[in-house]
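Shown next, in structure tokens, is the structure this report addresses.
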Amino acid sequence: MRKIISFFTWAIYLLIPMITQAASGITAPKVEGLPSGEFAPILGKVLNFVTSLIGGLALLMIIVSGIMYMTSGGDSGKTDKAKEWLTASIIGLVIALLAYVIVTVIGKTLGVSGW
């Protein structure tokens, strides 16, 4: 559980500078096949995809931990492990939702196009 929280914390910590730089109007270099213009719409799409992926995985882990709990057969070790997984999954889902909300609010507040 500590590893999961640590991972999400570091991921958010490392993404904040990228988000603020993208929101400040840094333009993407011209690359063959990519549209020229601001980097923010591309970053917004990537962040939406990553957030939905993390949220989907968290929901899947909630389902798995529920199945683990139901099939534990009253064994306290198995039920404790299922409860730990459920707690970690809910924390991960909350962090993913907060990250999405924070990024969206920052993007809309700064008036970044494509957000």
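FYI, the numbering just counts along the sequence from 1.
Distance check, rounded to the nearest 0.5 Å: CD1 of Ile95 to CD1 of Ile91 gives 7.0 Å. A distance of 10.0 Å separates OG1 in Thr51 from CZ in Phe49, rounded to the nearest 0.5 Å. The distance from the CG atom of Leu60 to the CG atom of Leu93 is 12.0 Å, given to the nearest 0.5 Å.
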Which atom pairs, donor and acceptor, lie under 3.5 Å between side-chain atoms of residues 67-78 and protein residues at least two apart or in another chain?
{"residue": "Thr71", "atom": "OG1", "partner": "Ile67", "partner atom": "O", "Å": "2.8"}
{"residue": "Thr71", "atom": "OG1", "partner": "Met68", "partner atom": "O", "Å": "3.4"}
{"residue": "Ser72", "atom": "OG", "partner": "Tyr69", "partner atom": "O", "Å": "2.9"}
{"residue": "Asp75", "atom": "OD1", "partner": "Gly77", "partner atom": "N", "Å": "3.4"}

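Nearest heavy atoms, Gly55 versus Ala96: N-CB, 4.3 Å.
Val94 meets the side-chain contact (heavy atoms from CB on, under 4.5 Å) test with Ile90, Leu98; sequence neighbours excluded.
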